[in-house]
Student: 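Mind having a look at this structure? Questions to follow.
Every value quoted in this text rests on a predicted model; they were computed, and no experiment measured them. Throughout, residue positions are numbered sequentially from 1 according to the sequence presented.
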Amino acid sequence: YLTGGPQRYTGRPMDEAHKHLGITVQQWGAFMTDARQCFAELGLAAGPREELLNILVSYEQACCVRPGEAVPPPPAGRLPPSGGQASLFTDVGGVYPIAHFVDVLLEQVLGGRRGIAGLLADTSAGAGGAPG
């Protein structure tokens, strides 16, 4: 969506989805520093790297709470199912549980457990050993 792909964003507006998190300008700066470092570590060419950073910068105002600005309450309820039908997205609770899962997954993969096999081994070991 943001990078010209075929996906269409159907979530909440950026301010509604982020302001309630109380993200400060300083925290946003740390996020941008991490993004720059990540893009450099991935060897992303300068043109695409700057384009992605500019996209992220364009969301700062909508995502950050400025000094003196009140932090709004979290958005009410879950998103309704698209088209009135149940969806996995709504069944798992929407974007926040999915984002948490992705964060944990990336920490595991980037922390040395390369690939899903390492994650599955960890999960099965906690449940009494490997399956089978």
Side-chain angles (χ1 to χ4, degrees):
Y1 165 74
L2 293 175
T3 59
Q7 295 78 16
R8 195 177 120 245
Y9 180 72
T10 59
R12 298 178 187 274
M14 285 293 125
D15 59 342
E16 187 180 329
H18 292 86
K19 287 265 187 171
H20 74 280
L21 300 172
I23 300 167
T24 66
V25 174
Q26 293 78 17
Q27 290 168 326
W28 185 268
F31 162 71
M32 291 300 296
T33 297
D34 290 345
R36 283 183 188 90
Q37 180 179 351
C38 178
F39 296 157
E41 288 174 7
L42 291 171
L44 198 57
R49 181 178 62 232
E50 289 306 310
E51 189 173 347
L52 285 170
L53 289 170
N54 287 334
I55 290 169
L56 294 175
V57 165
S58 75
Y59 286 104
E60 179 180 355
Q61 187 73 27
C63 294
C64 293
V65 176
R66 304 278 174 202
E69 182 181 358
V71 175
R78 295 170 27 173
L79 290 175
S82 60
Q85 299 175 1
S87 70
L88 179 58
F89 179 81
T90 56
D91 288 348
V92 299
V95 70
Y96 299 111
I98 293 169
H100 176 70
F101 167 77
V102 170
D103 286 344
V104 170
L105 178 64
L106 287 173
E107 286 175 14
Q108 295 290 320
V109 170
L110 297 176
R113 293 184 183 92
R114 301 283 176 204
I116 198 71
L119 293 173
L120 293 174
D122 287 352
T123 302
S124 62

Student: Testing the basics here: between H20 and V71, what is the closest heavy-atom pair and its distance to 0.1 Å?
Tutor: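 Taking every non-hydrogen atom into account, O-CG1, 3.5 Å.
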
Student: Could you walk me through whether K19 and E69 pass the side chain to side chain contact (heavy atoms under 4.5 Å, CB included) check?
Tutor: CA-CA 10 Å; K19 287 265 187 171; E69 182 181 358; 2.8 Å; yes

Student: Between E16 (side chain only) and P13 (backbone N and O only), is there a donor and an acceptor less than 3.5 Å apart?
Tutor: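 Not confirmed, E16 side chain does not pair with P13 backbone.
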
Student: Membership question, hydrophobic clusters at under 4.5 Å side-chain separation (ILVMFWY): are F39 and Y59 in the same one?
Tutor: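 Same hydrophobic cluster.
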
Student: If you round to the nearest 0.5 Å, how far is SG of C64 from CG of L21?
Tutor: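 Between L21 CG and C64 SG, I get 10.5 Å after rounding to 0.5 Å.
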
Student: When rounded to the nearest 0.5 angstrom, what is the spacing between CZ in R36 and CD in E41?
Tutor: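 If we round to the nearest 0.5 Å, R36:CZ and E41:CD are 14.0 Å apart.
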
Student: Within a strict 4.5 Å, meaning less than it, do heavy atoms of the R66 and Q61 side chains meet?
Tutor: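 They are in contact (side-chain heavy atoms under 4.5 Å apart), so the answer is yes.
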
Student: I'd like to know if W28 and I55 are part of one continuous hydrophobic network [Ile/Leu/Val/Met/Phe/Trp/Tyr, side-chain heavy atoms within less than 4.5 Å].
Tutor: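 Same hydrophobic cluster.
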
Student: Nearest heavy-atom pair of I23 and H18: which atoms, and what distance?
Tutor: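 Scanning both residues completely, I find the closest heavy atoms to be CD1-O, 4.2 Å.
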
Student: Going only through I, L, V, M, F, W and Y residues with side-chain contacts under 4.5 Å, is there a path from M14 to L53?
Tutor: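 Same cluster: M14 reaches L53 through Ile, Leu, Val, Met, Phe, Trp or Tyr contacts under 4.5 Å.
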
Student: Using a 3.5 Å distance criterion without hydrogens, assess whether the side chain of R49 forms a donor-acceptor pair with backbone atoms of L44.
Tutor: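 Checking the backbone N and O of L44 against the side chain of R49, a donor-acceptor pair under 3.5 Å is found.
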
Student: Is L52 reachable from F31 through a run of hydrophobic residues whose side-chain heavy atoms are each under 4.5 Å from the next?
Tutor: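 Same cluster.
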
